[in-house]
*Asks:* 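Take this structure first; my questions come after.
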Amino acid sequence: MQPDEFRRIGHEVIDWIADYRERLGDLPVRSQVEPGWVRSKLAPLPEHGEGFDGLLADLDRVVVPGTTHWQHPGFYAYFPSNASLPSVLGDLVSSGLGVQGMLWSTSPAATEVEQHLMDELVGAMGLPRSFVGGGVIQDTASSAALVAVLAALHRRSGKWRQSGVDGDETVYVSSQTHSSIERAARIAGLGEEAVRSIAVDGVLAMDVAELERQIQSDVDSGRRPVLVCATIGTTGTGAVDPVAEIAEVCARHGIWLHVDAAWAGPAALCPEFRGLFAGVEKADSFCANAHKWMLTAFDLSLFWTAHPDVLVDALTILPEYLRNSATESGAVVDYRDWQIPLGRRFRSLKLWSVLRWYGLEGIRSHLRGHVALASALESWVAADADWELVVPRSLSLVTIAHRDGDEATRRAMDAVNAEGTAFLTHTTVNGRFAVRIAIGAEATQEEHVRAMWEALRSSR
């Protein structure tokens, strides 16, 4: 493909994306196809190239019907995954450059734009100054959790490269913590038996007294506590762990504190929400997904650590073919030492595009608008005779259930999902089936939330 061909076809592709976004509201949110339908519509691989016309036709014929539309204004499932159009353009520029930014020397811009953005966001989000110089973009919060576990193991043992884990290390989560921490412990070689699940209190936050008891019991039995994961905005209900109190326990025992704010983290851009982040200044690491609620296309997770030297020491291996004068000068950062893969994309371009297009105030408006919509929904539920809040609203997440019990709640959710204008998912709260309504799609307005709520109320 020559540049002139790329220019012509590229316009067609951009037009297709723009047309798709314009008609999103007319499509069912969740794909209606049966398993195997998509594959049944696909032709064998062509022996000879055939251009883009057929592919564009297949997007409409096969891909769109087989897609659940995460950018739809009626998408309330899981958490948002905002691929704003400015971030799509930034991603296109990144792909067009084709950078492999594993080392500073392989593309200085890929490293230094990322460093600049991560340090600037420390101030914009009110994060501790100890995170300046310790920021890196990971692909997902799961990868952020894994590098946090590896850094914590290295700091605790002081001999990671020589002998690895000893088999007596322990990691602490609550019953509401995302499964990525347990998965990270497995990948790190600790095994699921090393993970301690701590009970939660009445608002589903980690019970600090129980955490202290479990840690002391493990210490008394000869085990070595390595990491505690505190969550700001749990997946099920948006619960917020008492980070400051957990940090005090970690400090007494020399344990790495990782704070997972994958969904709620961008809310720190708004000063009025920073009370939720009390204690983060005592954390060893912190992550927030820009690809959830910060208008940036998947995948882009913001990760900071107060101990970048520990992280780099835990992950650095320098074969001869990667040696270069810039690295050896000690004057640059090589981000390949801050992550699991060796190679890395120029991800910061799509975040930079978002920040330049919207500005910090534009992103704050995006966040505040969703919180206001969730607050309105909360008031509608509170005034309703049939539905009730299962837990208090958390930012833009509202968790509700029908007063007639689990089956009534499930039937209503399933009916709304089948109707196609909205997509909801569920959780269980103290054994009770509940609907999660995560308001976060960029296009979602009050009319969409009200229509979803009325559909729930009328679905029995």
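It should be emphasised that the depicted structure is a prediction, and the values quoted were computed from it without experimental measurement.
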*Asks:* So which pairs with a foot in residues 82-104 pass salt bridge (Lys or Arg N to Asp or Glu O under 4.0 Å), sequence neighbours left out?
*Replies:* Asp91-Arg345, Asp91-Lys350

*Asks:* Would you please name every residue forming a side chain to side chain contact (heavy atoms under 4.5 Å, CB included) with Trp380, sequence neighbours left out?
*Replies:* Ala376, Leu377, Glu446, Val449, Arg450, Trp453

*Asks:* With sequence neighbours excluded, what pairs up with His307 under the ring-ring contact (aromatic ring centres under 6.0 Å, His included) test?
*Replies:* Trp256

*Asks:* Write out all pairs satisfying salt bridge (Lys or Arg N to Asp or Glu O under 4.0 Å) with one or both partners inside residues 259-278, taking only residues at least two apart or from two chains.
*Replies:* Glu272-Arg368

*Asks:* Do NZ/NE/NH1/NH2 and the carboxylate oxygens of Asp58 and Arg61 come within less than 4.0 Å?
*Replies:* yes

*Asks:* Check the angle between the aromatic planes of His426 and Phe433 and answer parallel, tilted or perpendicular using the 30° and 60° thresholds.
*Replies:* parallel

*Asks:* Can you name the closest pair of heavy atoms from Ala434 and Thr409 and give their distance?
*Replies:* CA-CG2, 4.3 Å

*Asks:* Determine which pairs satisfy salt bridge (Lys or Arg N to Asp or Glu O under 4.0 Å) with at least one residue from residues 333-342, sequence neighbours left out, and list them in order.
*Replies:* none

*Asks:* Identify the heavy atoms of Ser396 and Trp263 that sit nearest to each other, and give their distance.
*Replies:* OG-CZ2, 3.6 Å

*Asks:* Looking at Gly279, is its backbone amide N or carbonyl O close enough to the side chain of Glu281 to form a donor-acceptor pair, meaning the two atoms are under 3.5 Å apart?
*Replies:* yes

*Asks:* Of the non-hydrogen atoms in Cys250 and Leu257, which two are nearest, and what is the gap between them?
*Replies:* SG-CB, 4.0 Å

*Asks:* Any donor and acceptor pair, going by atom type alone, linking the side chain of Glu454 with main-chain N or O of Met452 inside 3.5 Å?
*Replies:* no

*Asks:* Which is it for Glu419 and Thr421 under the side chain to side chain donor-acceptor pair (under 3.5 Å) test, yes or no, and what are the steps along the way?
*Replies:* CA-CA 6 Å; Glu419 193 267 337; Thr421 59; 2.5 Å; yes

*Asks:* Between Phe423 and Phe75, what is the ring plane arrangement, given parallel below 30°, perpendicular above 60°, and tilted in between?
*Replies:* perpendicular

*Asks:* Would the distance check show the side chain of Ser84 and the main-chain N or O of Leu295 forming a donor-acceptor pair, the cut-off being under 3.5 Å?
*Replies:* yes

*Asks:* Under the side chain to side chain contact (heavy atoms under 4.5 Å, CB included) test, which residues partner Pro308, sequence neighbours left out?
*Replies:* Thr305, Trp338

*Asks:* Using modelled atom types and a 3.5 Å cut-off, is there a donor and acceptor pairing between side-chain atoms of Thr444 and backbone atoms of Pro73?
*Replies:* yes

*Asks:* At their closest point, which heavy atom of Leu397 faces which heavy atom of Gly238, and how far apart are they?
*Replies:* CD2-N, 3.4 Å

*Asks:* Would you please name every residue forming a salt bridge (charged side-chain N to carboxylate O under 4.0 Å, His left out) with Arg183, sequence neighbours left out?
*Replies:* none

*Asks:* Under 4.5 Å between any side-chain heavy atoms of Phe303 and Leu311, yes or no?
*Replies:* yes

*Asks:* Could you name each residue pair satisfying salt bridge (Lys or Arg N to Asp or Glu O under 4.0 Å) that touches residues 387-399, not counting sequence neighbours?
*Replies:* Glu378-Arg393, Glu388-Arg403, Glu388-Arg432

*Asks:* Do any N or O atoms from the side chain of Ser94 and from the backbone of Phe346 form a donor-acceptor pair under 3.5 angstrom?
*Replies:* yes

*Asks:* If you look only at pairs with a residue in residues 125-139, which of them pass as a side-chain hydrogen bond (donor to acceptor under 3.5 Å, both in side chains), with sequence neighbours excluded?
*Replies:* Asp139-Ser143

*Asks:* Please report the shortest heavy-atom distance between Ser348 and Ala110, naming the atom on each side.
*Replies:* OG-O, 4.1 Å

*Asks:* Excluding sequence neighbours, so at least two apart, what forms side chain to side chain contact (heavy atoms under 4.5 Å, CB included) with Leu55?
*Replies:* Phe52, Leu59

*Asks:* Are Glu5 and Arg8 within salt-bridge range, i.e. N to O under 4.0 Å?
*Replies:* no

*Asks:* Would you indicate whether the side-chain heavy atoms of Tyr172 and Thr177 approach each other to under 4.5 Å?
*Replies:* no

*Asks:* Taking all heavy atoms of Leu395 and all of Ala267, pick out the closest pair and write down the distance.
*Replies:* CD1-CB, 3.9 Å

*Asks:* Is the backbone N or O of Asp386 less than 3.5 Å from a side-chain atom of Asp384, with the two atoms forming a donor-acceptor pair by type?
*Replies:* yes

*Asks:* Which pairs pass side-chain hydrogen bond (donor to acceptor under 3.5 Å, both in side chains) with one or both residues in residues 13-28, sequence neighbours excluded?
*Replies:* Trp16-Asp60, Tyr20-His69, Arg23-Asp60

*Asks:* Look only at the side chain of Thr234 and the backbone of Ala239, and say whether a donor-acceptor pair between them is shorter than 3.5 Å.
*Replies:* yes

*Asks:* Test of understanding: with ring-ring contact (aromatic ring centres under 6.0 Å, His included), list the residues that count as partners of Tyr78, not counting sequence neighbours.
*Replies:* Trp70

